[in-house]
Amino acid sequence: MSAQPAPLFTDDRVANAVAALRAGRPVLVGGGTEYDVVLPAALAEPRWTAWTVRHTSGVLCAPLPAERAGALGLPPMAHDNQDPRSPLYTVSVDAAHGITTGISAADRARTARVLADPASGPADLIRPGHLLPLRVHANGVVGRPGHAEAGVDLCRLAGLPPVALTARLVGDGVGTAGDEDAALLAARHDLPVIHIPEVVEHRLRFGDGERGRVTRVTNARLPTVHGQLDAVGYRDEVTGAEHIALVGRPRTSVPLVAVHAECVTGDIFKTTRCDCARRIAESAAVIAQEGGVLVYLRRPGARVLGARDGHTWTTVDDGAAGAIVADLGYRSVRLLTGPGTAVQLARPGLTVLAVQNRPVSPLT
Ligand SMILES: O=C(CO)[C@H](O)[C@H](O)COP(=O)(O)O
């Protein structure tokens with residue numbers, strides 16, 4: 001009996017996908033019953049483009065950012081978009097030079113490269129043509145978890161121009177290809193498969209390849225009733241919020257980390273319906289005395305009396321908190337309070353050794 005290969009973690013799976021794209025090889029992106037073949041437009045060449053035509057609907061798209069479409073003079077195909085599920089199609093294009101009819105795999109590969117070339121302008125393309133550019137969401141796969149956005153985000157993560165060449169995978173039957181077909185095809189051609197939620201999670205934890213998940217923007221000494229703390233401000237590159245990390249001076253080998261998500265009614269008005277005010281005060285006091293960091297996550301757009309306050313945790317929070325803790329240079333921490341499990345904060349290079357949730361008594 002042959003040994004099963006060890007399952008890959010999301011980070012490794014994204015790394016494999018990115019490595020394939022850098023080598024100009026396709027990645028199968030999707031999940032369930034819908035997969036796209038994704039190639040990096042900048043490295044598109046006839047062989048893999050022809051392979052893509054053979055295994056897909058043959059309708060090749062080129063997802064790209066809206067600014068890129070604007071710079072290349074590509075207006076929307078339909079001014080009144082009647083398909084709310086689809087990304088915005090622009091007019092179709094061919095490369096203005098170096099092709100024949102435009103429909104062959106070789107010609108469409110060349111058109112894709114022209115779309116991705118930062119030196120290209122409107123005059124390098126003719127309209128209509130045989131390739132369909134798609135304008136993706138400004139926040140990529142985080143804003144719209146579609147195949148088009150995943151393709152562009154993976155190209156960017158690969159350090160390539162953010163333009164993909166994509167087409168919907170079809171099976172042997174009359175429908176699109178599902179998980180099993182995609183896995184078989186990938187195994188036969190030694191290609192990575194990646195699911196869209198994995199790309200979303202990677203973006204939420206590590207950023208988009210050009211910017212990290214958070215950017216350090218300010219710092220100051222902050223005297224508090226609990227003692228001196230260093231306040232470090234971070235811009236969240238996904239949500240736009242400005243988070244704050246309160247760092248205690250004593251530096252222990254495995255510092256404490258407390259993560260708190262904004263809860264206006266608890267933090268400011270000290271409602272007795274939750275223990276947020278007490279939790280922050282206790283965490284700040286412990287961090288000031290013993291060292292470590294209290295990460296305070298802001299929640300842009302949260303309603304003051306809404307359900308989305310400091311009591312619910314999402315990957316958006318975990319990703320920001322983990323990125324902040326890693327940026328502060330911690331490699332090994334003990335979780336004092338915050339997300340339910342240590343693994344939510346952990347990432348390559350950051351070990352969360354122990355969950356040390358201290359009991360918090362109700363407000364009096
Ligand atoms: O099949 C298509 C084009 O041929 C899809 O419309 C395209 O791949 C975009 O997919 P999504 O809406 O998931 O971003």
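Atoms within each ligand, like the ligands themselves, are counted from 1 in listed order. These numbers come from the heavy atoms of this one structure, side chains and all, not from hydrogens, waters or symmetry mates. All of these numbers come straight from a predicted model, not from anything done at the bench.
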Distance-only, no hydrogens or angles: does the E149 side chain make a donor-acceptor pair with backbone N or O of V136 under 3.5 Å?
no
Does E34 have any salt bridge (charged side-chain N to carboxylate O under 4.0 Å, His left out) partners at least two apart in sequence or in another chain, and if so, which?
R168
According to ring pair (Phe, Tyr, Trp, His ring centres under 6.0 Å), does anything in residues 99-158 pair up with another residue at least two apart or in another chain? List the pairs.
none
For the residue pair Q228 / R249, report whether a side-chain donor-acceptor contact shorter than 3.5 Å exists.
no
For W51, the rest of its hydrophobic cluster, which grows through side-chain links under 4.5 angstrom
L28, Y35, V37, L39, W48, V53, L60, L64, L72, L74, V91, V93, V114, L115, L125, L131, V163, L165, L169, L185, L191, V193
Tell me yes or no: between the side chains of T315 and D318, is some donor less than 3.5 Å from an acceptor?
no
Please produce the table of protein N or O atoms sitting under 3.5 Å from N or O atoms belonging to ligand 1, one pair a line, distance to 0.1 Å.
| from | atom 1 | to | atom 2 | distance (Å) |
| --- | --- | --- | --- | --- |
| ligand 1 | 6 (O) | Y89 | OH | 3.1 |
| ligand 1 | 8 (O) | D36 | OD2 | 2.8 |
| ligand 1 | 8 (O) | R168 | NH2 | 3.3 |
| ligand 1 | 10 (O) | R168 | NH2 | 3.1 |
| ligand 1 | 12 (O) | R144 | NH2 | 2.7 |
| ligand 1 | 13 (O) | H147 | N | 3.0 |
| ligand 1 | 13 (O) | H147 | ND1 | 2.6 |
| ligand 1 | 14 (O) | R144 | NH1 | 2.9 |
| ligand 1 | 14 (O) | H147 | N | 3.1 |
| ligand 1 | 14 (O) | A148 | N | 3.0 |

